[in-house]
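Owing to the predicted nature of the structure, the values given are computational and were not obtained by experimental measurement. As the structure lists them, so they are numbered: ligands from 1, and atoms in each ligand from 1.
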Amino acid sequence: MTQDTATFDPRRISLRPDELDGRVIAVTGPTAGLGRALALECARRGAEVILIGRSVKKLEAVHAEIDALVRHDGRPALPASIAPLDLERGVAGDYDAIATAVEQRWGRLDGLVHNAAILGQPSPIESQDVPTWVKVMHVNVTAPFALTQVLLPALRASPDASVLGVSSSVGRRGRAYWGAYSVSKGALENLLQVLADELGKTTVRVNSLNPGRARTGMRRQAYPAEDIGTLPLPESLMAPFVALLGPQSRGVSGRAFDAQ
Ligand SMILES: NC(=O)c1ccc[n+]([C@@H]2O[C@H](COP(=O)([O-])OP(=O)(O)OC[C@H]3O[C@@H](n4cnc5c(N)ncnc54)[C@H](OP(=O)(O)O)[C@@H]3O)[C@@H](O)[C@H]2O)c1
């Protein structure tokens, strides 16, 4: 079914069990929280998932979980692929190795989700630690930029590709004490807008999605005194992610969405 792109809302899309069938989708940070839930859900919806993360041991654990999955349409999930990359320490050759592997194996990439991020040290600007600031900006902005850049030829080779950046409400409007994290998410939003503008007439769409509050390690780090048990599980927030990666969001680009 064709959607009206102006009124498209990923929260209101009804998904088919095999919504992502035949798609090759790369997810950064698939070893915990929202990224892990997304990698599993993409596999359940029929995608072949590329797991991009820094710990091979943790990546292998998610790979094994996907191996054991049954898709929503009752078929066995396709095996995932592991692409080791530390977004803090990775060098050009590490990025190029992923791009080369994708080119050689599939010749295209249908989805790229910039999910991995770090919180840094929430504090007022006047006491932000400069090395931590640099690290947060690197992991949350520069690494997604560099990964997108090397994977653009593969994304352009797809008939229907989606780049999705996982944002935050403090990236939509800066908020006191969120420091480098808030600034990095604002910069990520801007990166995605620039990219969407540049890719306007191509088959590659680019959007951001703010998941809202979710029961993850990062949320616990940000709000240690909160009763995290009251927050939604990452698994319950996956439908809008899938809608933005699947065929129903074709033509929707340069937009900033909320999952809740
Ligand atoms: N949770 C929320 O309430 C919330 C709200 C708004 C936005 N978000 C956004 O949602 C996304 C996912 O957050 P989350 O809450 O699921 O976080 P999380 O549970 O802390 O998971 C973060 C993921 O990023 C990976 N990662 C961190 N540093 C990395 C590095 N240097 N290289 C490669 N991978 C790295 C982690 O890998 P390891 O397992 O190896 O550490 C992990 O897989 C983030 O973009 C976050 O900003 C979350």
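Contacts between Lys185 and ligand 1, counted as non-hydrogen atom pairs separated by less than 4.0 Å, involve the side chain only. With a heavy-atom cut-off of 4.0 Å, Leu119 does not touch ligand 1 at all. The proximity of Lys58 to ligand 1, defined as any non-hydrogen pair under 4.0 Å, is limited to the side chain.
Ring geometry, Trp178 versus Tyr223: the interplanar angle falls from 30° to 60°, so the pair is classed tilted.
The only option from Glu60, Lys58, Arg36, His63 that meets the side-chain contact (heavy atoms from CB on, under 4.5 Å) definition with Leu51 turns out to be His63. Remark: of the listed residues Val204, Leu155, Val24, Val206, Leu155 is the sole one forming a side-chain contact (heavy atoms from CB on, under 4.5 Å) with Leu112. Each of Val163, Leu191, Leu164 was evaluated against His114; a single residue qualifies, Val163, per the side-chain contact (heavy atoms from CB on, under 4.5 Å) test.
For atom 40 (O) of ligand 1, the nearest protein heavy atom (residue, atom name, distance) is Arg54 NE, 3.0 Å. Taking atom 22 (C) of ligand 1 as the reference point, the nearest protein heavy-atom neighbour is Ala117 O, 4.1 Å. Protein heavy atom at the shortest distance from atom 1 (N) of ligand 1 is Thr216 OG1, 2.9 Å. Looking at atom 13 (O) of ligand 1, its nearest protein heavy atom turns out to be Leu34 CD1, 4.0 Å. Protein heavy atom at the shortest distance from atom 17 (O) of ligand 1 is Met218 CB, 3.5 Å. Ranking protein heavy atoms by distance to atom 21 (O) of ligand 1, first place goes to Ala32 CB, 3.9 Å. Nearest non-hydrogen protein atom to atom 34 (N) of ligand 1 is Ala116 CB, 3.9 Å. In this structure, atom 32 (N) of ligand 1 lies nearest to the protein heavy atom Leu87 N, 2.8 Å.
Close to ligand 1: Gly212, with a non-hydrogen atom less than 4.0 angstrom away. Put simply, no part of Ile52 is less than 4.0 Å from ligand 1, judged by heavy atoms. Remark: distances from the non-hydrogen atoms of Ser169 to ligand 1 are all 4.0 Å or more.
Looking at Ser55 next to ligand 1, no N or O pair under 3.5 Å apart turns up. Between Gly29 and ligand 1, a contact under 3.5 Å exists for at least one N or O pair. Taking distance alone, with nitrogen or oxygen atoms compared against 3.5 Å, Thr31 approaches ligand 1 more closely than that limit. For Tyr181, a nitrogen or oxygen atom sits less than 3.5 Å from a nitrogen or oxygen atom of ligand 1, counting backbone and side chain alike. In terms of N/O distances under 3.5 Å, ligand 1 is not approached by Pro211. The shortest N or O to N or O distance between Asn115 and ligand 1 is below 3.5 Å.
The structure places CG of Leu151 at 8.5 Å from CD of Glu103, a figure rounded to the nearest 0.5 Å. Atom CD of Glu19 is separated from atom CD of Glu41 by 10.5 Å, given to the nearest 0.5 angstrom.
Between the choices Leu38, Val27, Val136, Val166, the shortest heavy-atom distance to atom 9 (C) of ligand 1 belongs to Val166.
Counting only heavy atoms from C-beta outward, the side chains of Leu34 and Asn115 approach each other to under 4.5 Å.
Between Arg105 and Glu48 there is a salt bridge, since a side-chain N of the basic residue sits under 4.0 Å from a carboxylate O of the acidic one. Between Asp21 and Arg16 there is no salt bridge, since no side-chain N of the basic residue sits under 4.0 Å from a carboxylate O of the acidic one.
Within the listing of ligand 1, atoms 16 (O), 19 (O) sit less than 4.0 angstrom from a heavy atom of Gly33. In summary, the atoms of ligand 1 found under 4.0 Å from a heavy atom of Arg219, numbered by their order in the structure, are 1 (N), 3 (O).
Of all heavy-atom pairs between Asp73 and Asp18, the closest is OD2-CB, 3.7 Å. Closest non-hydrogen pair, Pro234 versus Thr216, comes out as CG-CG2, 3.8 Å.
Other residues, nucleotides and ligands contribute at most 12 non-hydrogen atoms within 6.0 Å of the CD atom of Gln121.
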Show, in sequence, the C-alpha distance, side-chain angles and deciding distance for Arg172 and Ser208, and conclude whether the side-chain hydrogen bond (donor to acceptor under 3.5 Å, both in side chains) test is met. CA-CA 10 Å; Arg172 302 266 164 87; Ser208 84; 3.0 Å; yes

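Using modelled atom types, no side-chain atom of Ser162 and backbone atom of Arg205 make a donor-acceptor pair closer than 3.5 Å.
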